[in-house]
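To keep things clear, I will list the structure first and then write my remarks on it.
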There are 2 protein chains.
Amino acid sequence: MDRAIAVLDEYGLESLTMRRLATDLGVQPSALYHHVPNKQTLLTAVAEEILARGRRPRRAGEWDRRAVEVCHELRDAMLAYRDGAEVVVTAYSFGLGTVGPAGELREALRDGGLPDDLVGVGTRALLHLVFGHTVEEQTALQAASAGAIDWTPGGPADFERGLELVLDGLRSRVGG
Amino acid sequence: MDRAIAVLDEYGLESLTMRRLATDLGVQPSALYHHVPNKQTLLTAVAEEILARGRRPRRAGEWDRRAVEVCHELRDAMLAYRDGAEVVVTAYSFGLGTVGPAGELREALRDGGLPDDLVGVGTRALLHLVFGHTVEEQTALQAASAGAIDWTPGGPADFERGLELVLDGLRSRVGG
DNA sequence: ACCTGAACACCGTTCAAGT
DNA sequence: ACCTGAACACCGTTCAAGT
């Protein structure tokens with residue numbers, strides 16, 4: 001797991017192959033299949049580890065500030081490793097909603113007193129915003145640091161303004 | 001182009017390889033490189049063709065209803081072909097914003113009289129919502145039709161409720 | 001201009017065999 | 001239990017050579 005994340009962070013997702021990881025570990029590729037059934041499972045484990053390493057204590061009390069906090073933690077966790085956003089988003093799209101923060105977000109919206117169906121709609125909307133923004137941001141950051149692009153993308157400020165758009169929508173529906 | 005989309009729709013993105021497309025066309029793989037510099041370019045062209053085939057006339061007059069209309073057109077276009085959402089989202093993440101509907105969305109928000117920076121934030125938020133929802137919906141639909149899953153995901157109703165959340169946020173900021 | 005044939009440098013995964 | 005060695009069935013891409 002440690003070596004997988006190290007290879008990912010140093011050489012990128014396209015270089016995180018079973019063969020390369022095996023070489024890095026000084027082992028034959030086939031040896032990996034005694035610890036993991038296939039590559040997708042390996043990548044899911046990497047995604048979970050990235051999220052676990054990004055975990056922080058909750059501070060906010062209000063449900064909406066807590067939702068923003070979870071979104072920031074998620075973004076920061078993904079940005080902490082090269083191609084982290086892609087890895088997490090792909091893992092999420094496989095095991096729909098299994099990955100950690102979805103549950104915490106859902107809980108926050110529920111605590112806000114929103115009706116059940118809106119909790120679902122709102123949670124997915126926030127997750128999609130975080131994922132979309134962060135993949136775009138990370139791609140642009142990496143392209144910029146490679147000199148392939150001249151502009152820099154919207155950072156935390158733009159990120160939060162996007163979140164506020166849907167939180168406005170949610171707040172106006174509390175108790176509705 | 002026609003054969004590429006046909007192969008995609010019949011066998012899925014993972015089967016749309018240069019070698020397979022070549023075989024389908026009765027030609028050697030190397031022959032494709034006289035029409036396209038690499039696979040990514042081919043996939044971008046496929047994405048553009050999928051969007052072009054989904055193009056519909058604009059009906060709505062109001063800027064916010066027009067934005068919803070563009071989002072629906074985008075979703076429908078992607079859902080029309082197997083793995084269409086993945087192909088379009090990937091292409092988008094490479095040539096950031098070059099793909100068609102982003103401009104139309106941007107134009108709609110601008111017509112709404114929103115300040116320039118909010119136009120950018122809002123456009124990206126809507127795009128990310130459409131992409132996130134549609135990839136999730138299509139993945140679940142395909143998993144369900146393969147019998148791999150029992151539930152069905154949120155369709156057009158949930159889709160539109162998500163959009164309305166951010167449109168509420170945007171409307172409340174018109175003239176602000 | 002467009003294509004073939006052959007090669008290069010890779011993939012993920014399986015499986016008998018070893019210790 | 002954990003690993004090796006060897007193979008299977010693929011990839012994207014390049015390039016000299018043909019028409």
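Residue numbers begin at 1 in each chain, while the letters A, B, ... track the order of the sequences.
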Checklist line | Separation between the C1' atoms of D:dA16 and C:dC3, rounded to whole Å | finding: 13 Å
Check: Which whole number of Å gives the distance between the P atom of D:dC10 and that of C:dA9?
Finding: 22 Å
In a table with atom names and distances, give each donor-acceptor pair under 3.5 Å that connects a side chain of residues 107-119 of chain B to protein atoms at least two apart or in another chain.
from   : atom 1 : to     : atom 2 : distance (Å)
B:D111 : OD2    : B:R66  : NH2    : 2.4
B:D117 : OD2    : A:R161 : NH1    : 3.1

How many whole angstroms separate atom [atom1] of [X] from atom [atom2] of [N]?
| X | N | atom1 | atom2 | answer |
| --- | --- | --- | --- | --- |
| A:L42 | C:dT13 | CG | C1' | 13 Å |
| B:L21 | D:dG12 | CG | C1' | 13 Å |
| A:N38 | C:dC11 | CG | C1' | 15 Å |
| A:Y33 | C:dA16 | OH | C1' | 17 Å |

Notebook entry, point to check: Just the dot-bracket of DNA chain D, please: which string comes out with Watson-Crick or G-U pairs under 3.5 Å, [ ] for crossing, | for another strand?
Noted result: ||.|||||...|||||.||
Check: Is it true that atom CZ of A:R58 has more than 12 heavy atoms of other residues, nucleotides or ligands lying nearer than 6.0 Å?
Finding: yes
Look only at the side chain of [X] and the backbone of [Y], and say whether a donor-acceptor pair between them is shorter than 3.5 Å.
| X | Y | result |
| --- | --- | --- |
| B:E160 | B:H72 | no |
| B:Q142 | B:R82 | no |
| A:R173 | A:G169 | yes |
| B:H128 | B:R124 | yes |

Note to self: Among B:E86, B:E136, B:M78, exactly one meets side chain to side chain contact (heavy atoms under 4.5 Å, CB included) together with B:F131. Which residue is that?
What the structure shows: B:M78
Next item on the list: Take B:T41 and B:F94, measure what side-chain contact (heavy atoms from CB on, under 4.5 Å) needs, and give me the verdict at the end.
Entry: CA-CA 10 Å; B:T41 305; B:F94 273 74; over 6 Å; no
Identify each atom pair where a protein N or O and an N or O of nucleotides 2-6 of chain D are less than 3.5 Å apart, giving names and distance.
from  : atom 1 : to    : atom 2 : distance (Å)
D:dC3 : OP2    : A:H35 : NE2    : 3.2
D:dC3 : N4     : A:H34 : NE2    : 2.7
D:dT4 : OP2    : A:Q28 : N      : 2.7
D:dG5 : O6     : A:S30 : OG     : 2.7

Notebook entry, point to check: Between B:S172 and A:D168, which heavy-atom pair has the shortest distance, and what is it?
Noted result: OG-OD2, 3.9 Å
Item checked: side chain to side chain donor-acceptor pair (under 3.5 Å) against A:Q40, all qualifying residues, sequence neighbours excluded -> A:T44
Item checked: Test side chain to side chain donor-acceptor pair (under 3.5 Å) applied to B:D76 - qualifying residues, sequence neighbours left out -> B:R56
Check: Of all of residues 13-20 of chain B, which get a heavy atom below 4.0 angstrom from DNA chain D, listed by number?
Finding: B:T17, B:M18, B:R19
